[in-house]
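Down below is the structure, laid out as structure tokens.
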There are 2 protein chains.
Amino acid sequence: MAHEEHKEIVQEIKANMPNADTLFELADFFKVFGDSTRIRIMCALFERELSVCCIADIVGMEQSTVSHQLRILRQENLVKVRRDGKQSYYSLEDEHIQKIFEMGLEHILE
Amino acid sequence: MAHEEHKEIVQEIKANMPNADTLFELADFFKVFGDSTRIRIMCALFERELSVCCIADIVGMEQSTVSHQLRILRQENLVKVRRDGKQSYYSLEDEHIQKIFEMGLEHILE
DNA sequence: TGAACACATGAACAAATATTCATATGTTCA
DNA sequence: TGAACATATGAATATTTGTTCATGTGTTCA
């Protein structure tokens, strides 16, 4: 490849790329899906809202581990909480999540 | 919540969850999207196939860094390579990627 | 053939991350 | 109020991960 042609291509692609900050945010967003504990938590929440101790039972991990991970999910607006007495009930924030999930499944099941 | 009711819920959800192995694979798949360098590489490849050195120029990182990341993308079947003389041209493997990308963008731009 | 180039890869290091333990916060109910 | 329970959080640790440097592999062309 000629050097000049190379430069042109690089310039053109750079110009069409989304804002760098946006791409960093996007990576942070997908990072949340990149852990099996969080994936399992989200998967459990597809069915219904659940308390923290239920989730801990389902994924077979410590309550504190689950609390930490739920905080991460909250920070990225993937889940919301509802307090009811002593318990906190978590549920999914929106339906993008399930779609992203399904697309991932489609890919790996090919 | 009564203890017995808790158990029932846990059992039911567990029964409906996908295979644990599948969820681990899914997490590994999304892990690939969870790094800004890889996101930027994929984003560049939306436009057209590119050589390694072009990609390195576009994302502003070392050639070896890009090669390492491309290997990870290859391992998860997200990109494919074509050799042409001294250069390797990378391109996206399928169109799931762009859809997943767009859904992520929709989420963070809300 | 051998020099020059493009790319791939192993080792080393630094930074980020997940988990656990211990403990703090907040709620209920006797 | 205080004991019991559910959840949240800080600190410590082990592991994973991304980047770089140095070098290996494969290709072209003089």
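Values in this document were obtained by computation on a predicted structure and should not be read as measured data. Chain naming here is simple, since letters A, B, ... match the order of the sequence lines and numbering starts at 1 in each.
Per the geometry, CD belonging to A/Gln69 stands 10 Å off P belonging to C/dT20, to the nearest Å. The CZ atom of B/Phe24 sits 13 Å away from the P atom of C/dA18 (whole-angstrom rounding). Distance CG (B/Leu70) to P (C/dA6): 16 Å, rounded to an integer number of Å. Rounded to whole angstrom, the span from the CG atom of B/Asp84 across to the P atom of D/dG26 amounts to 18 Å. Here C/dA6 presents its C1' atom at 13 Å from CD1 of B/Ile55, a figure rounded to the nearest Å. Atom-to-atom, CG of A/Asp35 to P of C/dT19 comes out at 5 Å; the value is rounded to the nearest Å. As rounded to whole Å, 18 Å separates atom C1' of C/dA8 from atom CZ of B/Arg82. Between B/Arg71 atom CZ and C/dA8 atom P the separation is 10 Å, expressed in whole Å.
Using a 4.0 Å heavy-atom cutoff across all strands shown, A/Ser88 reaches sugar-phosphate atoms only and no base atom.
At D/dG18, none of the side-chain N or O atoms of B/Thr65 fall inside 4.0 Å of OP1 or OP2 (strictly under the cut-off). Phosphate contact (OP1/OP2 of D/dA6, side-chain N/O of A/Arg83, threshold under 4.0 Å): absent.
Listed by first and then second residue, the ring pair (Phe, Tyr, Trp, His ring centres under 6.0 Å) pairs that reach into residues 51-70 of chain A come to none, sequence neighbours excluded.
Here the side chain of A/Ile72 is nearest to one of C/dA18, D/dT9, C/dT17, namely C/dA18.
Residue-to-nucleotide contacts include a donor-acceptor pair under 3.5 Å from the side chain of A/Ser64 to the base of C/dC21. One can find a donor-acceptor pair under 3.5 Å joining the base of D/dT20 and the side-chain atoms of B/His68.
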Exercise for review: Carefully, step by step, assess B/Ile100 and A/His107 under the rule side chain to side chain contact (heavy atoms under 4.5 Å, CB included).
Suggested key: CA-CA 10 Å; B/Ile100 290 172; A/His107 182 88; 5.5 Å; no
Review point. Which is it for A/Gln69 and A/Val59 under the side chain to side chain contact (heavy atoms under 4.5 Å, CB included) test, yes or no, and what are the steps along the way?
Key: CA-CA 12 Å; A/Gln69 298 300 358; A/Val59 302; over 6 Å; no
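Between A/Gln63 and A/Cys53 there is no side-chain heavy-atom pair separated by less than 4.5 Å.
The shortest heavy-atom contact between A/Val10 and B/Cys54 is CG2-O, 4.0 Å. Residues A/Arg40 and B/Met17 come closest through the heavy atom pair O-CE, 3.7 Å.
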Donor-acceptor pairs under 3.5 Å, side chain of residues 19-35 of chain A to any protein atom, not counting sequence neighbours: which ones?
{"from": "A/Asn19", "atom 1": "OD1", "to": "A/Asp21", "atom 2": "N", "distance (Å)": "2.7"}
{"from": "A/Asp28", "atom 1": "OD1", "to": "A/Lys31", "atom 2": "NZ", "distance (Å)": "3.3"}
{"from": "A/Asp35", "atom 1": "OD2", "to": "A/Thr37", "atom 2": "N", "distance (Å)": "3.1"}
{"from": "A/Asp35", "atom 1": "OD2", "to": "A/Arg38", "atom 2": "N", "distance (Å)": "3.1"}

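Residues from residues 56-63 of chain B lying near DNA chain D, meaning a heavy-atom separation below 4.0 Å, are B/Met61, B/Glu62 in numerical order.
Nearest-nucleotide positions on DNA chain C for B/Tyr90 and A/Lys86 put B/Tyr90 closer to the 5' end.
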